[in-house]
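To start, the structure under review is shown below, and the notes come after it.
On a predicted model such as this, the values are computed, not experimentally measured, just so you know.
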Amino acid sequence: MRRLFRKNNIGWLFVLISVIGVSIFYFYPMVDALLLSFQSGMGSNLDYTGLDNWARLFNDPTFISALTNTFTYLIIQVPMMIIFALIFSVLLNDPTLKFRGLFRTAIFLPAVTSLVAYSVIFKYMFSGNGIVNQFLMNLAIISEPINFLTDSFWAKIVIILAITWRWTGYNMIFYLSALQNIDNSIYEAARIDGASIFQQFTKITIPMLKPIILFTTITSTIGTLQLFDEVVNITGGGPGNATITISQYIYNLSFEYTPNFGYAATVSYVIVILVVILSAIQFKVAGDKE
Amino acid sequence: MKKFKRILTYVFLSVAAIISIYPFFWMVVSSTNASVDVTRGRQLPGTHLIENLTNLFDQVNIVTALSNSFIIAILSTFFTLLTASLAGYGFEMFRSKWKDRTFNLLLLSMMIPFASIMVPLYRLFGRITPTAPLIGIDSLTAAFLPTVTTAFFIFFFRQNTKMFAKDLIEAGRIDGLSELGIFFRIYMPTMKTTYAAAAIIAFMNSWNNFLWPLVILQSPSQQTMPLLISNLGSSYAPDFGMIMSAITISTIPTAVVFFVMQKHFVAGMMGSVKG
């Protein structure tokens, strides 16, 4: 008995709780969701209905809105945020710049707020008589308030601005710490060879930061595919379903409308499939040379 | 030309900094103003802070929400750190083929979006509620239990364990300590900064968590701060001063953690990329 628990076997004791925990709270639900996706019914009265749920996806206008919205956020917001974060980090990496610490802290600060808290603040700032409309009218940029939250175009813009505000500084910190590992002599050599600042950025900085850019792109993509807190608290998914996301639709299907766990599970598998496909594409695109 | 570029950089960064800070400024200023003044766009501190706080404590169950949030965040952080560090240490110090395979399998769970397992988790807790209401639906335990064992923190501790001196383990064995004794008496004290960094991330995640508590906590007495603020934010006749003071209160703990432990904070973020 004693021998059994020696060395390597005792190692299993250390990892046991975590293995059980992840199995119960991640792997089992994934299996359950897959089985659920072939069932239909109200609440817990479920029957196997084959591929009905999966077929329903293609004719469900709300699902299609949720999917389109999520991709709109993804395609506009993630690149915009990463470009801003890169620019900030390059500017702030210059040791001759004054107030670097101050700028860095200020730009990072949004990352400490809770998603719900900043969402409610943004909702009020962008409301019809909110501070943003007042500001734009005082500057005479607009003559009438914009219906930021009730217009389907502007509501999407507000969601995109909000997420960008919250996460740009967060991503910037990753790039800043990666930039500190780049040897300054590379830039000096480039300058001697007559490379412009833009060339230095595209030919040295970007390639050197490639792994970390890949990492932040993948985490941002997964994050955007799961977008929930902001949309629920800023627009509630409206007007109509103009800003609804896949996560919010899953929530509504399970807990807001008449509960349909089977179909909700089907929609949730779409997110899983998207995460896997998009991560694979990003790895392929970024890792082509290694 | 060079000077012009410099000025442009400062202007650009200043605008970015102002946009980043302004919502905080507005949040704090508004919590000291009456609701009417907030709607009128008042940008100066007012004299209504006490009144807003009084309204908040009278009309909303903020004390309950705060204590629920603290209980959940503290327990979640404690158990996360304990289980994840045990596992990270176990996977790194007692390496074997099958343990490496298990570890890789656990890492896969990082790709699982929470929204896709929320319904099965709800059903799981629903099934145990009749026999064990203390860990079932609407219990504070259920609000943090699924967040305790996460691959991210196991990975984080494993990465940091790579830097732990193995000689210390041998020394402990010679001193006659058990394997668990080595972990608790030698590993834990030497890895203080790693624990601090993980604690910050775990606490913030739990403090700010919205979707799972929204699903699992249903009665008002079980509300957490994000749930309370979300409710206030969707009210039809909002008292802006009061709501802003609630948001300010909910932001204080994370802001304090950030400013006091800025170094550990960044270390915690970077821990997810290393290696």
Side-chain angles (χ1 to χ4, degrees), chain A residues 7-8 10-11 14-15 17-19 21-22 25-27 29-30 32-33 36 88 91 97 103 106-107 109-110 112-118 120-121 123-125 129 131 134 165 169 173-174 177 212 215 222 225-226 228-229 233 246-247 250 254-255 261 264-265 268-269 271-272 275-276 279, chain B residues 9 12-13 16-17 19-21 23-24 26-27 39 41 83-84 86-87 89-91 93-94 96 99 102 106 109 111-124 146 148-149 151 154 179 207-208 210-211 215 226 229-230 233-234 240 243 247 250-251 254-255 258 266 269-270 273:
Chain A
K7 286 206 170 148
N8 277 327
I10 203 154
F14 278 87
V15 305
I17 306 172
S18 290
V19 173
V22 174
F25 297 122
Y26 286 89
F27 295 134
M30 283 302 285
D32 193 35
L36 270 173
F88 289 144
L91 292 179
L97 192 86
F103 284 129
I107 295 173
L109 208 55
V112 309
T113 58
S114 93
L115 302 183
V116 174
Y118 95 83
V120 174
I121 295 178
K123 176 185 175 176
Y124 291 153
M125 290 201 326
N129 55 358
I131 209 88
Q134 290 178 22
W165 179 84
I173 294 292
F174 287 103
S177 77
I212 195 83
F215 170 82
I222 297 180
L225 288 175
Q226 304 191 59
F228 180 82
D229 300 19
N233 289 297
I246 305 178
S247 291
I250 298 169
S254 322
F255 306 108
F261 291 149
S268 68
Y269 250 85
I271 303 196
V272 179
V275 166
V276 172
S279 305
Chain B
T9 306
F12 180 67
L13 287 174
I19 292 175
S20 301
I21 292 178
F24 290 95
W26 190 62
M27 166 185 88
T39 351
T83 57
L86 276 169
Y89 179 88
F91 278 122
M93 289 302 173
F94 304 95
S96 68
K99 264 188 231 89
T102 314
L106 293 191
S109 71
M111 300 276 282
I112 299 176
F114 183 77
S116 65
I117 53 172
M118 133 186 119
V119 171
L121 276 179
Y122 178 77
R123 275 160 44 95
L124 178 69
V148 165
T149 44
I154 301 169
E179 292 297 329
W207 184 262
N208 293 336
F210 176 60
L211 179 50
V215 168
I229 288 167
S230 177
S234 57
F240 292 109
I243 297 173
I247 298 179
S250 85
T251 312
T254 49
F258 170 66
V266 174
M269 280 173 64
M270 294 307 147
V273 210

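In this structure, the portions of A:Tyr26 lying under 4.5 Å from any heavy atom of chain B include both its backbone and its side chain. For chain A, no part of B:Trp207 is nearby; none of its heavy atoms comes within less than 4.5 Å. For a residue to count as touching a neighbouring chain, one of its non-hydrogen atoms must lie under 4.5 Å from one of that chain's; by this rule B:Val119 touches chain A with the side chain only. For A:Ala265, no part sits under 4.5 Å from any heavy atom of chain B, backbone or side chain. Heavy-atom distances place both the backbone and the side chain of A:Asn129 under 4.5 Å from chain B. Heavy atoms of A:Ser247 lying under 4.5 Å from chain B belong to its backbone as well as its side chain. At a 4.5 Å heavy-atom cutoff, the contact between A:Ile107 and chain B is made by backbone and side-chain atoms alike. Residue A:Phe228 touches chain B through its side chain alone, counting heavy-atom pairs closer than 4.5 Å. Interface residue B:Met118: only side-chain heavy atoms are found under 4.5 Å from chain A.
Not a single donor-acceptor pair under 3.5 Å links the side chain of B:Thr251 to the backbone N or O of A:Thr113. When atom types are taken as modelled, the side chain of A:Ser18 and the backbone of B:Thr83 share a donor-acceptor pair closer than 3.5 angstrom. Although no hydrogens or angles enter the test, the distance criterion places no donor-acceptor pair under 3.5 Å between the side chain of B:Lys99 and the main chain of A:Gly11.
Within the model, atoms CH2 of B:Trp26 and OH of A:Tyr124 stand 8.5 Å from one another, a figure rounded to the nearest 0.5 Å. Rounding to the nearest 0.5 angstrom, the gap separating the CD1 atom in B:Ile19 from the CH2 atom in A:Trp165 is 11.0 Å.
Annotation: side chain of A:Val15 is not in contact with side chain of B:Thr102 (no heavy-atom distance under 4.5 Å). In this structure, B:Leu124 and A:Asp32 have side chains that are not in contact, with every pair of non-hydrogen atoms separated by 4.5 Å or more. Using a 4.5 Å cut-off on side-chain heavy atoms (C-beta onward), B:Phe258 and A:Leu109 make contact. Taking 4.5 Å as the limit, some side-chain heavy atom of A:Phe27 sits within range of a side-chain heavy atom of B:Leu106. Considering only heavy atoms from C-beta on, A:Phe14 stays 4.5 Å or farther from B:Met93 through its side chain.
Here the closest heavy-atom approach between residue B:Val215 and residue A:Phe255 is recorded as CG1-CZ, 3.4 Å. For the pair A:Ala106 and B:Ser20, the tightest heavy-atom approach, listed with the atom from each and the gap, is O-CB, 3.2 Å. A:Lys123 approaches B:Gly233 most closely through the heavy-atom pair NZ-O, 2.7 Å. Here the shortest heavy-atom pairing between B:Thr39 and A:Gln134 reads O-NE2, 2.8 Å. The nearest pair of heavy atoms linking B:Leu121 to A:Pro29 is CD2-CG, 3.9 Å.
Highest contact tally toward chain B, considering only A:Leu115, A:Leu36, A:Ile222, A:Ile17, is held by A:Leu36 [criterion: heavy-atom pairs under 4.5 Å]. With respect to chain A, the highest number of heavy-atom pairs below 4.5 Å among B:Thr254, B:Val148, B:Ile247 belongs to B:Ile247. Most heavy-atom pairs under 4.5 Å with chain A: of the set B:Ile112, B:Thr9, B:Ile154, this distinction falls to B:Ile112. Top candidate by heavy-atom pairs under 4.5 Å with chain A, chosen from B:Ala255, B:Ser116, B:Ser250, B:Pro226, is B:Ser116. If you tally non-hydrogen atom pairs under 4.5 Å between each of B:Ala87, B:Ala84, B:Ala17, B:Ala151 and chain A, the highest count goes to B:Ala87. Of the listed residues A:Val276, A:Leu225, A:Ile250, the one with more heavy-atom pairs under 4.5 angstrom with chain B than any other is A:Ile250. The candidate from B:Ser234, B:Ala16, B:Pro23 with the greatest count of non-hydrogen atom pairs under 4.5 Å with chain A is B:Pro23. For the set B:Tyr89, B:Phe91, B:Phe24, B:Phe114, the count of heavy-atom pairs under 4.5 angstrom toward chain A peaks at B:Phe24. Contact count against chain B (heavy-atom pairs under 4.5 Å) is highest for A:Ile121 among A:Val19, A:Ile121, A:Ile246. The most heavy-atom pairs under 4.5 Å with chain B, out of A:Ile271, A:Val112, A:Val120, come from A:Val112.
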